[in-house]
Protein chains: 2
Amino acid sequence: MSPRRVTLADVAKAAGVSRTTASLVLSGRGRELRISQDVEQRVLRTAEELQYRPNIVSRGLRTGTTRTIGFVSDTVATSRLAGDMIKGALEAARDRGFMLFIGETEGDAELEHLLLQAMQDRQVDGLILASMFTRTIKVPKAVTAMPAVLLNALPKKPAPLPAVLPDEVEAGRRAARVLLDAGHRDGIHLIGAGPSLRDRPSESLAAVERLVGIREAFGAAGVKVAGARACPDWLPEYGLAATRDLLRTAQPRALICFNDRIAMGAYQALDDFGLKVPADVSIVSFDDHPIASWMRPPLTTVALPHYELGRKAVDVLFAEIDRDRTGGDRVGEVHRVAMPVRIRESVAPSSAVQPLG
Amino acid sequence: MSPRRVTLADVAKAAGVSRTTASLVLSGRGRELRISQDVEQRVLRTAEELQYRPNIVSRGLRTGTTRTIGFVSDTVATSRLAGDMIKGALEAARDRGFMLFIGETEGDAELEHLLLQAMQDRQVDGLILASMFTRTIKVPKAVTAMPAVLLNALPKKPAPLPAVLPDEVEAGRRAARVLLDAGHRDGIHLIGAGPSLRDRPSESLAAVERLVGIREAFGAAGVKVAGARACPDWLPEYGLAATRDLLRTAQPRALICFNDRIAMGAYQALDDFGLKVPADVSIVSFDDHPIASWMRPPLTTVALPHYELGRKAVDVLFAEIDRDRTGGDRVGEVHRVAMPVRIRESVAPSSAVQPLG
DNA sequence: ATCGGGCGCTAATCCGATTTAGCAATGGAG
DNA sequence: CTCCATTGCTAAATCGGATTAGCGCCCGAT
């Protein structure tokens with residue numbers, strides 16, 4: 001079919017040198033191994049003319065390194081959120097001449113096993129194990145044998161694996177501060193989780209951490225949260241139900257919704273009760289889901305830094321690969337990536353009359 | 001670091017046979033090459049015990065096939081829409097023991113070139129060239145040298161490349177029929193494109209094809225579209241503006257929005273004018289964006305079959321790889337994937353009094 | 001006894017690079 | 001004039017499989 005690829009042997013022959021010499025020159029080790037300027041130039045020029053490109057498969061066989069990393073997620077590739085994570089990883093990898101194998105496990109341990117095997121059969125240089133939701137995962141033992149990074153996840157059992165996660169606690173603080181900065185001190189309700197750390201969707205690490213941050217920031221400001229409703233899952237319908245429920249008995253001035261889909265439901269409930277955002281009720285949320293900017297009014301939210309998470313995971317993985325190569329010890333550091341606040345139009349200054357007592 | 005992998009040589013030695021024999025047995029060609037039952041069983045058992053897995057890199061070097069395909073898109077990996085496309089491709093590939101390299105070009109020809117090179121350096125068996133929006137693309141010449149498929153795109157210049165696309169014309173017909181079936185014959189407006197085929201976002205193939213289908217179905221039913229507004233881009237704000245503009249001068253009974261984001265804007269405009277969906281105005285749309293089911297009322301829309309597109313592209317690619325192997329001729333067939341209607345709650349039966357004339 | 005042929009398995013080569021070990025030529029020192 | 005070092009390059013092994021060519025052995029036929 002296609003004209004055969006130009007190989008190192010072709011270059012060597014055309015330049016009138018041995019394969020060894022050609023290889024030496026092209027790998028940049030010609031200088032230290034005393035190849036003459038003359039020959040070096042000749043090889044370089046020939047390679048250029050012939051448009052020689054080294055075959056990475058072959059190199060991989062010899063050196064064991066394929067300039068490839070495996071990106072395994074539970075179901076990450078499918079969600080918009082996670083698409084950015086992949087994009088970040090893709091770009092960071094590309095900067096170093098690496099490619100990404102993508103794989104989805106759908107939470108199936110058997111599939112995960114197969115996938116990891118398939119990647120190891122292809123001699124990937126490292127692995128990124130990503131999770132759709134921030135949570136703890138069981139680390140397959142196959143992973144511990146090679147450079148790997150957890151993305152958006154923590155190991156269930158302590159393992160010497162580095163992890164990259166969004167800084168949810170700080171995000172919680174930031175959400176709270178958005179309201180505090182706008183002068184809100186009363187009638188602040190939480191929708192999605194709380195008041196206790198146990199009131200949240202199961203397995204949701206983010207819920208706990210956000211709640212911790214929120215309580216911390218309010219605590220430091222001497223502000224008490226008026227109330228909270230947990231949701232079994234963070235979907236619009238639960239946000240709608242919880243907010244409706246709240247509105248039957250209370251008159252909130254501000255809501256912190258635990259994610260944008262919850263907020264979407266809250267918007268609807270408020271609308272049903274004839275309440276305006278942000279004139280009557282301010283709302284701040286988390287995630288910066290694409291819909292956040294389409295909602296009316298556009299939603300102020302603390303963004304999940306998917307793109308940055310992906311990039312960071314690759315950076316950490318490269319450090320890990322280096323460590324592996326140089327025989328360093330595994331550490332298992334946890335890296336937190338900042339979650340930026342996206343100020344939009346769902347928060348208004350508090351006009352509440354401060355209660356006398 | 002990790003304990004060395006078990007190789008074919010290990011299996012052969014442990015089973016007391018030559019590498020050749022072991023290879024023959026394990027590749028299933030033992031029978032035809034007269035390896036005895038006894039030896040065959042011994043090799044198989046040994047391989048099992050040692051947990052032998054062939055090194056695909058090595059095999060790739062010898063056979064030239066890496067059981068890997070490259071998925072190159074302009075920016076597809078990043079959008080939720082496209083995530084499903086990748087997911088479909090991933091699963092279809094997995095069914096055959098193939099892995100996917102993912103790459104994004106961001107519309108940059110230079111990057112695309114680099115990416116294709118990187119993939120060829122890794123000896124991918126085939127390529128999928130995907131586009132985020134349905135459109136025509138310039139096919140890099142590197143692609144024509146190997147099995148490849150266009151996904152969600154058509155070649156700008158005629159090329160013997162198969163393409164996989166959503167069946168947009170039929171989708172247009174289906175959208176129209178949803179309204180016709182509900183009894184709508186009057187006050188039907190188009191938001192996003194039309195009335196002429198030229199009134200549409202540039203480069204949007206989907207717009208043209210949907211419009212063709214819509215006109216065809218209405219034409220066949222003897223129904224005339226009351227009006228149409230084109231949008232420079234299919235975003236909520238333009239949908240909002242176009243619909244507002246429409247409402248100032250007309251009283252539509254039904255809208256066909258050219259995608260869900262346009263529909264989202266239309267919902268807002270109708271809400272502003274105190275009109276209810278679907279009681280006052282029925283709406284049908286395209287894409288089945290995730291928000292479509294979260295809108296209130298949930299939006300009836302003709303879905304882009306991303307997952308199926310991804311699967312289909314892989315299927316077609318495998319056919320292409322086979323063709324390449326067996327020396328068949330390239331054809332360049334266009335495959336259309338059906339767009340299913342998602343009936344939700346934004347369309348109500350027409351209660352309009354039929355005009356006498 | 002010899003030969004042809006099927007059977008059952010293996011030696012050797014190849015894929016395209018990297019890497020180790022080492023060879024030939026040159027020049028300077030002794 | 002010999003010996004050793006250095007310079008500049010190459011032969012050969014290696015990675016882990018797939019594949020081609022072919023080697024012994026045993027059997028029946030001549």
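As a basis for the values below, the full set of heavy atoms in this structure was taken, side chains included, without hydrogen atoms, waters or symmetry mates. Chain letters run A, B, ... following the sequence lines, proteins first, then strands; residues in each count from 1.
Listed by first and then second residue, the side-chain hydrogen bond (donor to acceptor under 3.5 Å, both in side chains) pairs involving residues 141-164 of chain A are T134(A)-N152(A) (not counting sequence neighbours). For residues 116-128 of chain A, the set of pairs meeting the salt bridge (Lys or Arg N to Asp or Glu O under 4.0 Å) definition, not counting sequence neighbours, comprises D121(A)-R5(B), D121(A)-R53(B).
Applying the salt bridge (charged side-chain N to carboxylate O under 4.0 Å, His left out) criterion to E320(A), with sequence neighbours excluded, gives R323(A). Legend: residues meeting side chain to side chain donor-acceptor pair (under 3.5 Å) with E308(B), ordered by chain and number and at least two apart, are absent. Residues forming a salt bridge (charged side-chain N to carboxylate O under 4.0 Å, His left out) with R62(B) (at least two apart in sequence, or on another chain): none. With sequence neighbours left out, the side chain to side chain donor-acceptor pair (under 3.5 Å) criterion links D322(B) to R325(B). E106(B) is linked by a side chain to side chain donor-acceptor pair (under 3.5 Å) to nothing, counting only residues two or more places apart in sequence or in another chain. Applying the side chain to side chain contact (heavy atoms under 4.5 Å, CB included) rule to L127(B) yields the partners V72(B), L116(B), M119(B), V124(B), V143(B), M146(B), A148(B); only residues at least two apart in sequence or on another chain are considered.
Using a 4.0 Å heavy-atom cutoff across all strands shown, V57(B) reaches no nucleic acid atom at all. At the heavy-atom level, R34(B) lies under 4.0 Å from base atoms of the strands shown. Within 4.0 Å (heavy atoms only), L8(A) reaches at least one base atom of the nucleic acid.
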Could you write out each protein N or O paired with an N or O of nucleotides 11-15 of chain D at a distance under 3.5 Å?
residue : atom : partner : partner atom : Å
dA11(D) : N7   : T20(A)  : OG1          : 3.3
dA11(D) : N6   : T20(A)  : OG1          : 2.7
dA12(D) : N6   : T20(A)  : OG1          : 3.3
dT14(D) : O2   : R62(A)  : NE           : 3.3
dT14(D) : O2   : R62(A)  : NH1          : 3.0
dC15(D) : O2   : R62(A)  : N            : 3.4

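Nucleotide dG16(D) holds its C1' atom 18 Å from the CZ atom of R59(A), rounded to whole Å. Put simply, CG on L24(B) is 9 Å from P on dT19(D), counting in whole angstrom units. Here dA18(D) presents its C1' atom at 14 Å from CD1 of I56(B), a figure rounded to the nearest Å. Per the geometry, CG belonging to L26(B) stands 13 Å off P belonging to dT19(D), to the nearest Å.
Heavy-atom nearest nucleotides on DNA chain C were determined for Q123(B) and for V17(B), and the one closer to the 5' end corresponds to V17(B).
Note on R19(A) versus D10(A): no salt bridge recorded, every NZ/NE/NH1/NH2 to OD/OE distance being 4.0 Å or above.
Side-chain N/O atoms of S23(B) include none lying less than 4.0 angstrom from OP1 or OP2 on dG17(D).
Contacts between residues 40-52 of chain A and DNA chain C, defined by a heavy-atom separation below 4.0 Å, involve Y52(A), listed by number.
No donor-acceptor pair under 3.5 Å is formed between the side chain of R96(A) and the backbone N or O of R67(A). Side chain of D84(A) to backbone of K87(A): no donor-acceptor contact under 3.5 angstrom is found. Remark: the backbone N or O of V17(B) is not paired with any side-chain donor or acceptor of T21(B) at under 3.5 angstrom.
Remark: aromatic rings of F101(B) and F101(A) are close, center separation under 6.0 Å.
Taking every nucleotide of DNA chain C with any atom under 4.0 Å from a non-hydrogen atom of chain B, the first and last of them, 5' to 3', are dC7(C) to dG16(C).
Closest of all the heavy-atom pairs between E112(B) and P140(B) is OE1-CG, 3.2 Å.
Remark on the helix from dA1(C)-dT30(D) to dG30(C)-dC1(D): inter-end axis angle 90°, axes from five-pair C1' superpositions, rounded to 10°.
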